[in-house]
Amino acid sequence: MESKRFVLLDIDYITENDKAVIRLFGKLKGDEEGKSIIVLDKSFKPYIYVVPNDEEQCIEDLNEFDVEMVGWARKGYMGENKDFLKVTLYHPQDVPKLRDKIRSIDSVKDIMEHDIPFYRRYLIDKAIFPMAEVLVNGECLDNNSVNFMCESDVCVFEMKGDPKPIDSEFPELKTLSFDIEVHNPKGMPQAEEDPIIMISLSSNQGLQTVLSTKKSSLEFVETLKTEAHMLERFVEIVKSENPDLLIGYNSDNFDMPYIRDRATKLNVKMRIGTDGSGLKFMRRGYTNSALVKGRIHVDLYLLSRRYLQLDRYTLERVYKELFDEQKVDVPGDEIFEYWDDGGEKLKTLFKYSLDDAVSVTKIGEKLLPLSMELTRLVGQPFFDIARMATGQMVEWYLIRKAYEIGDMVPNKPSSSQYSERRGKKAEGGYVKDPVKGLHENIVSFDFRSLYPSIIISKNVSPDTLVLKCENEECYIAPELGHKFLKKPVGFVPSIIGNILKERVKLKNQMKDAVNPREKQVLDVQQQALKRLANSMYGVYGYSRFRWYRIECAEAVTAWGRDFIKKTMLKAEEYGFKAIYADTDGFYATFLPENEDISE
DNA sequence: GGGGGCCGGGG
DNA sequence: GTGTACGGCCCCC
């Protein structure tokens, strides 16, 4: 037996002899630092839970299906412990195949946790986190003995027992940014006709290259005979640089699909995955995403939209925002002219192309740390986190926490529940329209984390919400009268409580930190916690959520309105006059003589 | 004011 | 892949 320690970058599963095999993709630590590893775990089994109507009959019925095992499991649900039937299946694909049939039998009331993707289930159940270190025991395999084709310098390892999470530092990742230029004289590029003329590459370790089919005196230009050679050279560079992250700008929807289409046309195999696989594309609702196995493809366009508040999100605009510098710009519809003209124009185009890739690297350095921390916090793959709405992050965070404390995860709403929920909207925060005019002696007041604080102090949670409150002590929301048990502490309040406590701890550590790098890391960690805590209130009011409860959303905002109004009244007793208020704060003027300023 | 349709980025 | 997901703005009624 050998053991390996590595930073977990990505995870998926493949099928071998009809059995699912989990693959953990990582970068080794210690003796073989920086080498890629693919760890195989053949022992993990898919499962779902069943809520029985008739226990005996249900077990009998379930055993009629082609399932591996049926057994009892005790789980917390809505504040009580209940017994569920845990059904272990042979293959993850059996879940979508069998779940509707299982749900529809008479002895079954409902099915639970049937829509948690296998790789996510693995991360949660094994308590391991992407972007953190993991220790595994087992043995190295011969790369030729596995049914994927990876390079000889990749360590393939079969795991025995469980992976062990290691409390680890923020990992240093190797990034490679890329950008393509296309010869498109007839408007938007058409992959069928318009060739790729340049591929620019920039790593965070100094590489700056532009591959092209034209020559140049510029030292960063590498000339290839044909477009096909250029694509092959791109594959070669990715393999030799072996980056953890591949970064582009709008690359999910432009560069990657374009590269795929040209490569197909030119019969080039884009084997840039650590396991020797090519580009994969996934439909994610309204957009696509491109993935490269073992590396993490990140599209900074998505992150820019999430983290920056701008009117437009062009690469140029985002760069200007973050660095306050103007980039060299070549309008998209003139690129072909710069190319055709040659000379100085071509030189400008080469510079522009490289500048785009370098800008992507620089923007990545600013935006990626927060996503990295969210990945370590939420515990889902970086690839997913970089494409997830904050609300979804909250949900996956809660799912992990539910597993940790032995709680059952509520189901997602059915389409009828969803449309019913969509009709309801909780009233928002209190807003006082601003008093017109120019005001002097302004003071401002605001609550720190108002909604998270209300959830904690009033124990607002789906599992503490009660219809009647006779023998127990309850908190009763203003206006609507929703009731919440004072004890025990609810699921969501306890989690927000821990997040806020952890954040205070980090902020104190930040004060004491002397090393600027350490301070910076702590700062990003506390920002990630803040993001999560602040979006947690939304869980209650968003119709797609598993922990949706409109009463909780209504109660939180009702208390919020109550607090702000009461505070304003109190302030008025002391001679302040509120001139504007919104949700968690207000502005007031101080008028000791009580002059009347309203119109 | 509410529902439906379109678009974002990329060259 | 134990998938199938946005949100803001404009127009029109």
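A note on names: the letters A, B, ... follow the listed sequences, proteins ahead of strands, and every chain is numbered from 1.
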For atom CZ of A:R306 and atom P of C:dG8, their distance in whole Å: 14 Å
Touch class at under 4.0 angstrom, heavy-atom based, for A:R387 against every strand present: nothing
Sugar-phosphate, base or nothing in reach of A:L315, heavy atoms under 4.0 Å: sugar-phosphate
Aromatic ring pairing A:Y542/A:F545, orientation class (parallel under 30°, perpendicular over 60°, tilted between): tilted
Rounded distance [0.5 Å steps], CD1 in A:I38 versus CG in A:D10: 10.5 Å
Span that lies between the P atom of B:dG9 and that of C:dG8, in whole angstrom: 14 Å
A:D333 CG to B:dG10 P, straight-line distance once rounded to whole Å: 13 Å
Sugar-phosphate only, base, or nothing, as touched by A:D356 at under 4.0 Å among non-hydrogen atoms: sugar-phosphate
Separation of atom CZ in A:R312 from atom P in C:dC9, rounded to whole Å: 15 Å
Presence of salt bridge, A:D194 and A:K186, under 4.0 angstrom: no
Distance, rounded to the nearest Å, where A:L291 contributes CG and C:dG3 contributes C1': 13 Å
A:R120 side chain near C:dG3 phosphate (N/O to OP1/OP2, under 4.0 Å): no
Short N-O contact, A:D355 and A:K351, less than 4.0 angstrom: no
Between C:dC9 and C:dA5 - P atom distance, rounded Å: 23 Å
Lys/Arg-Asp/Glu bridge criterion (N-O < 4.0 Å) met for A:E316, A:K320: no
Sugar-phosphate, base or nothing in reach of A:P46, heavy atoms under 4.0 Å: base
Nearest-angstrom distance from the residue atom OH of A:Y122 to P of C:dG1: 18 Å
Sugar-phosphate only, base, or nothing, as touched by A:N184 at under 4.0 Å among non-hydrogen atoms: base
No-hydrogen, no-angle side-chain donor-acceptor test under 3.5 Å, A:T583 and A:Y451: no
Sugar-phosphate only, base, or nothing, as touched by A:D255 at under 4.0 Å among non-hydrogen atoms: nothing
Length of the CG-P vector between A:D261 and B:dG11, whole Å: 16 Å
Proximity to the side chain of A:Y301 - top-ranked nucleotide from B:dG10, B:dG8, C:dG3: B:dG8
Sugar-phosphate only, base, or nothing, as touched by A:Y47 at under 4.0 Å among non-hydrogen atoms: base
Sugar-phosphate only, base, or nothing, as touched by A:I116 at under 4.0 Å among non-hydrogen atoms: base
Touch class at under 4.0 angstrom, heavy-atom based, for A:G187 against every strand present: base
Sugar-phosphate only, base, or nothing, as touched by A:L302 at under 4.0 Å among non-hydrogen atoms: nothing
Sugar-phosphate, base or nothing in reach of A:M282, heavy atoms under 4.0 Å: base
Integer-rounded Å distance: B:dG11 P and A:E334 CD: 14 Å
C:dG1 base / A:Q93 side chain donor-acceptor hit below 3.5 Å: yes
Among B:dG9, C:dG3, C:dG1, the one nearest A:Y119 by side-chain distance: C:dG1
A:R546 bridged to A:E395 by N-O distance under 4.0 Å: yes
Pairing string, 5' to 3', for DNA chain B - Watson-Crick or wobble contacts under 3.5 Å, brackets [ ] where pairs cross, | to another strand: ||||||||...
Nucleotide nearest A:R283 when distance is taken to its side chain, options B:dG9, C:dT4, B:dG11: C:dT4
N/O (side chain, A:K412) to phosphate O (OP1/OP2, C:dT4) under 4.0 Å: yes
Ring-face cation contact, A:F383 with A:R387, 6.0 Å cut, 45° max: yes
Whole angstrom value for the distance that separates P of B:dG10 from CG of A:D355: 14 Å
Earlier contact from the 5' end, DNA chain B, for A:R305 and A:I335: A:R305
Side-chain N,O (A:R99) to OP1/OP2 (C:dG3) below 4.0 Å: yes
Six-ring centre of A:F323, A:K362 cation under 6.0 angstrom, axis tolerance 45°: yes
